Number of protein chains: 2
Amino acid sequence: MELSLNTATVRKQWSLAQIIDGCARHGIQGISPWRDQVAAIGLKKASSSIRANGLAVTGLCRGGFFTAKDWRDDNLRAIEEAHELGARCLVLVVGGLPPGSKDLVSARNKVYEGIAAILPEARKAGVPLAIEPLHPMQAAERACINTLEQALDLCDFFKDGIGVAVDVYHVWWDPKLQSQVQRAGRRILGYHICDWLVPTRDLLNDRGMMGDGVIDLASIQSSIKQAGYTGFQEVEIFSEAWWKRDPDEVLEICKARSAG
Amino acid sequence: MELSLNTATVRKQWSLAQIIDGCARHGIQGISPWRDQVAAIGLKKASSSIRANGLAVTGLCRGGFFTAKDWRDDNLRAIEEAHELGARCLVLVVGGLPPGSKDLVSARNKVYEGIAAILPEARKAGVPLAIEPLHPMQAAERACINTLEQALDLCDFFKDGIGVAVDVYHVWWDPKLQSQVQRAGRRILGYHICDWLVPTRDLLNDRGMMGDGVIDLASIQSSIKQAGYTGFQEVEIFSEAWWKRDPDEVLEICKARSAG
């Protein structure tokens, strides 16, 4: 599998311009930028710089957050940006509970409504939407879609122009992982890697480098390939520890640890 | 629902003898002790003191950890202790990955083997085993059974003498919670309450008091009752913050927050 770098991995050390340059220097062939980083250097400049360096845009992070107030406009802008960047998908982190709410059922219904509202625009723009189920420990704050099964139920409902992003950090524990990856098949639009550390000291920013934790990456990658995925593996590590390291060294280690 | 106190809730402030006394003083009618606390005052003394105070033993914590070396003997001892205490169930925290392993499938198979080995003794002793699915964020370190669906598949396999402990902290996020609670029906052997704080600052010891977080306790309790559960609601709060509070105050707040 070819390698892509999710720009969150070195976001505290480098600007997007530096990350694009870093990928090119280290022979990493894909990139998945975050919208705030794109905005910081400008959409046109980001797009032309990524193209000039021959990088595939394996995803744009992120749309979603359908429980936020300006969700509609924000998602339509995200679709335009993904189109401009030639992104292979727009990753959807769907949002958790609205402030003051305990109603997960209602939050989940909002996700259906939100996707229904933006999917026609995404199809017109040729930008596939990739629902990313997030770990259950992030259900309240970031995403109320928490299993691959749940995400695929959404895909079944909406059919064309929508799929899933499989991030090992979020799904590695799932007893149904293998069967749902098979069910997903060609609807897998992104495959994100990192590792689960033991112990994990923070719910958001203590992800591990591949090989430093307990996720059976070889087995998951094998399932993903068997399901028909032919895209990139995208390293996405939110980690206070790795954000303190020399970014060139981080990229070298990402390459070394993602062989296969 | 009548109230029970899981002794972990005030374990840093009080010995088991003090907790038994506290429950009696505060009119809490059930208790669910941990084995280390029982051992600290002696099984006979714990048992006679609990009986003398008229407390129901809603569970004994805990058996399980089938990936540990001495799992068989330890579980057989736990069954004897649960029998001696007249516990309504022995709670099973099944164990995570063995040291150095990344193989969840194999760990899960060990759970089947472990339960198969101890269930005949549990049945003879009249001690129902309650599988407690733990939050996916504890899959590596404490329990590789992470959803109610998974736990009930085990129950279906083993049939008599086994059920589940439903702890809201572990299952509140589950999109299948309601349907699996219905499926469980009379096999619900324990119902544990607390709350999920936003933000949560620690994966183990940052649970909230009921009402301080985002779990829809009223809705879950309603499902549990509809499923036919007639037992106690058991407060179980692992929390550095609550372990610093005056334990009499903690018990009063538990009572006030668990009405219904």
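As the structure is a computational prediction, the values presented were derived from the model and not from experiment. In what follows, chains are A, B, ... by sequence order, proteins preceding strands, each numbered from 1.
- Of the listed residues (B:P136, B:G100, B:P199, B:G213), the greatest number of heavy-atom pairs within a distance under 4.5 Å of chain A belongs to B:P136.
- In this structure, the side chain to side chain contact (heavy atoms under 4.5 Å, CB included) partners of A:V164, at least two apart in sequence or on a different chain, are A:L148, A:A151, A:L152, A:C155, A:V166, A:A184, A:I188.
- Interface remark: B:I215 contributes backbone atoms only to the contact with chain A (heavy atom separation under 4.5 Å).
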Which donor-acceptor pairs fall under 3.5 Å between chain A and chain B:
residue	atom	partner	partner atom	Å
A:R108	NH2	B:W173	O	2.6
A:E149	OE1	B:K176	NZ	3.1
A:E149	OE2	B:K176	NZ	3.1
A:W173	O	B:R108	NH2	2.6
A:K176	NZ	B:E149	OE1	3.1
A:K176	NZ	B:E149	OE2	3.1

